[in-house]
Amino acid sequence: MFLEDVIIEGFKSFSIKTEMGFQPGISVIVGNNGVGKSNILDAIVWALGENDLGRLRCLDRQELFFAGSENCPPAQRVSVELRFRHEKGAATPGLNIRRELERNGPDRFFLDDHACSPDQVSKTLAAHRLHQSLKTIVRQERINDLLLVDPDERLEMVCALLKLPSTAGFDASLQNAIDETFRRYMLHLVPDGAVALKLISHNGRRGIDLVITLPGNRTRKAHQLSGGEKAVASLALKLALFRQLENPFFLLDEVEPSLDYSHHKSMQAFLKAVATDTQLIMITHLRSTIELADTLHGVRTRWDGSSFMKFYFDMDERLLRLYKCC
Ligand code: ATP
Ligand code: MG
């Protein structure tokens with residue numbers, strides 16, 4: 001299954017109804033700082049049932065509503081619809097989920113236009129193997145979070161991500177499976193590097209230790225890495241963890257700004273390989289990332305201060321050349 005359409009109305013910076021259509025492969029959302037790119041990810045996770053305002057980057061539920069501008073009144077209603085489809089050839093129908101909220105009014109979910117409870121949405125997502133969709137997201141502000149903590153806290157974060165009932169559930173076979181993928185992904189990203197994910201005992205508590213060896217045989221702890229090295233190791237680790245969740249799409253919000261040319265090229269090849277069996281929706285403002293796109297979506301700010309989709313392209317060689325020239 002893949003996420004085919006996202007329709008946003010009244011949510012954060014999107015005042016009027018805005019539709020964006022995606023395809024399997026890599027969709028790249030581009031736009032300058034502050035145009036509303038990350039708000040699209042917030043809208044997707046909110047529609048999937050996210051209720052944690054912190055994770056939606058809000059302090060108050062009123063902040064989910066378009067706040068209004070000099071030329072556009074505040075939104076009184078928020079609606080986000082997600083349409084999932086099977087890839088060509090599948091006989092089974094897709095799935096439409098809509099979440100609506102009114103100021104001081106009810107929070108409502110709809111499945112294929114029928115009102116339903118949040119519980120029914122969770123069950124339907126599980127039946128379509130989409131129940132891990134809230135997890136497979138790399139947030140721009142949190143790309144390095146797993147590298148910056150102590151081993152015991154890292155283990156707790158990993159267990160929370162994998163929805164294990166307790167840290168005891170992270171056993172040797174799970175560790176081996178994640179370690180194997182992490183090593184493989186890191187080799188893709190840094191061909192002369194190596195990593196290891198180890199279960200250790202730290203201050204009397206179980207924890208996950210990461211040992212990272214960079215070209216030149218420089219072995220480092222995660223927190224000692226440079227900004228770009230952290231971004232690369234973190235991407236390899238997060239995507240290795242996401243593999244365990246078996247969700248059909250990953251959302252990546254500006255994972256690459258700190259990468260130099262060679263790391264960026266390796267990351268492009270790596271993400272192309274990941275996208276052979278997983279839909280990637282990537283946010284960027286780097287032109288070089290556009291080379292990855294199967295579809296390109298341009299977000300801009302309208303004259304009235306709200307966000308809109310200015311363009312959509314199915315990318316091909318000719319368009320890529322044109323885009324690079326402008
Ligand atoms: P960057 O590249 O810097 O990460 P972005 O395109 O990801 O930028 P967003 O984080 O999506 O930007 O935010 C875009 C804008 O949305 C911000 O200017 C913010 O003020 C605005 N915004 C957030 N909440 C609301 C709201 N409730 N109503 C109107 N605008 C909002
Ligand atoms: Mg952003």
Side-chain angles (χ1 to χ4, degrees), residues 3 6-20 22 26-48 50-80 82 99-105 107 134 136-145 227 231 234-235 238 250-259 264 267 271 280-290 292-293 295-312:
L3 180 57
V6 178
I7 303 162
I8 306 177
E9 189 173 0
F11 187 92
K12 290 202 176 183
S13 54
F14 288 86
S15 66
I16 58 167
K17 193 169 182 174
T18 307
E19 180 165 352
M20 47 209 90
F22 301 112
I26 304 183
S27 301
V28 174
I29 300 172
V30 283
N32 293 339
N33 292 135
V35 294
K37 303 180 300 296
S38 300
N39 291 342
I40 297 171
L41 296 198
D42 293 335
I44 294 172
V45 296
W46 180 73
L48 286 164
E50 182 61 80
N51 288 318
D52 183 319
L53 288 172
R55 275 193 232 132
L56 292 163
R57 303 185 303 146
C58 293
L59 295 176
D60 185 296
R61 88 174 202 156
Q62 298 299 326
E63 292 179 11
L64 295 172
F65 295 79
F66 175 66
S69 65
E70 200 182 341
N71 298 303
C72 191
Q76 298 305 319
R77 183 176 149 273
V78 168
S79 168
V80 179
L82 309 178
R99 186 173 185 181
E100 291 183 1
L101 183 66
E102 281 168 38
R103 281 196 199 264
N104 308 317
D107 184 2
L134 288 179
T136 53
I137 170 165
V138 180
R139 284 286 194 183
Q140 161 177 42
E141 305 88 356
R142 312 197 51 163
I143 166 107
N144 296 330
D145 56 357
S234 180
L235 188 65
K238 290 205 168 198
F250 298 165
L251 308 174
L252 309 179
D253 191 354
E254 296 197 28
V255 291
E256 77 291 43
S258 53
L259 303 190
H264 196 261
M267 188 206 70
L271 292 179
L280 297 183
I281 297 179
M282 293 187 64
I283 288 177
T284 192
H285 54 76
L286 294 187
R287 273 167 182 257
S288 40
T289 299
I290 290 161
L292 275 179
T295 59
L296 184 67
H297 310 255
V299 188
R300 297 288 185 269
T301 303
R302 267 164 30 120
W303 58 274
D304 64 2
S306 64
S307 303
F308 78 113
M309 294 301 286
K310 181 163 167 105
F311 58 82
Y312 165 86

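Note that these values count all heavy atoms, side chains included, but never hydrogens, waters or copies made by symmetry. Remember, it's 1-based here, ligands and their atoms both numbered in the order they're listed. Computed from a predicted model, the values in this text were never measured in an experiment. Positions are given from 1 along the sequence.
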Please report which non-hydrogen protein atom sits nearest to [atom], along with the residue it belongs to and the distance in Å to one decimal place.
| atom | answer |
| --- | --- |
| atom 28 (N) of ligand 1 | A67 N, 2.9 Å |
| atom 4 (O) of ligand 1 | Q140 NE2, 2.9 Å |
| atom 15 (C) of ligand 1 | G34 O, 3.4 Å |
| atom 22 (N) of ligand 1 | N39 ND2, 4.2 Å |
| atom 31 (C) of ligand 1 | S13 N, 3.9 Å |
| atom 3 (O) of ligand 1 | N33 ND2, 3.0 Å |

Compute the centroid of each ring, for H297 and then for F311, and state whether the two points are separated by less than 6.0 Å.
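No, ring centres 6.0 Å or more apart.
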
For ligand 1, does K37 get within less than 4.0 Å through its side chain, its backbone, both, or neither, judged by non-hydrogen atoms?
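The answer is both, backbone and side chain.
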
Check: [X]/[Y] side-chain N/O donor and acceptor closer than 3.5 Å:
| X | Y | answer |
| --- | --- | --- |
| S38 | D253 | yes |
| S69 | N71 | no |
| S27 | T295 | yes |

Before signing off on this row, confirm whether G36 and ligand 1 have an N or O atom pair separated by under 3.5 Å.
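G36 vs ligand 1: N/O contact under 3.5 Å present.
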
Between ligand 1 and V35, is the shortest N or O to N or O distance under 3.5 Å?
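So ligand 1 has an N or O lying under 3.5 Å from an N or O of V35.
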
Note, D145 side chain near K238 side chain (heavy atom, < 4.5 Å):
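A side-chain contact exists here, since the closest heavy-atom pair is under 4.5 Å.
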
Only heavy atoms of [X], strictly under 4.0 Å: list the atoms of ligand 1 that pass.
| X | value |
| --- | --- |
| F65 | 26 (C), 27 (N), 28 (N) |
| R57 | 9 (P), 10 (O), 11 (O) |
| S38 | 5 (P), 7 (O), 10 (O), 11 (O) |

Checking L286 now: which residues fulfil side-chain contact (heavy atoms from CB on, under 4.5 Å) with it, not counting sequence neighbours?
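Partners of L286 by the side-chain contact (heavy atoms from CB on, under 4.5 Å) criterion, ordered by chain and then number, come out as E256, H264, T284, S288, T289.
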
At their closest point, which heavy atom of V45 faces which heavy atom of R139, and how far apart are they?
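It is CG2-NH2, 4.1 Å.
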
Can you name the nearest heavy-atom pair linking N39 to F11, along with the distance?
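Result for this residue pair: O-CE2, 3.6 Å.
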
Quick one: name the protein N/O/S atoms under 2.8 Å from the Mg ion (ligand 2), chain by chain.
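Correct list: S38 OG, Q140 OE1.
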
Donor-acceptor pair, [X] side chain versus [Y] backbone, under 3.5 Å?
| X | Y | result |
| --- | --- | --- |
| K37 | N32 | yes |
| R300 | S307 | no |
| R61 | R103 | no |

Can you find a protein heavy atom closer to atom 20 (O) of ligand 1 than 4.0 Å?
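No; the ligand atom in question lacks any protein heavy-atom contact below 4.0 Å.
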
Heavy-atom protein contact below 4.0 Å for atom 26 (C) of ligand 1
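Within 4.0 Å: yes, protein heavy atom nearby.
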
For the atom pair CD1 (I8) and OG (S79), what is the distance rounded to the nearest 0.5 Å?
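Between atom CD1 of I8 and atom OG of S79 there are 10.0 Å.
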
Using the ring of F65 (Phe, Tyr or Trp, six-membered ring only), decide whether R77 places NZ or CZ under 6.0 Å from its centre and within 45 degrees of its axis.
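No, cation not above the ring by the 6.0 Å, 45° rule.
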
Any heavy atom of E254 sitting closer than 4.0 Å to ligand 1?
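Yes; E254 lies near enough to ligand 1 that a heavy-atom distance drops under 4.0 Å.
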
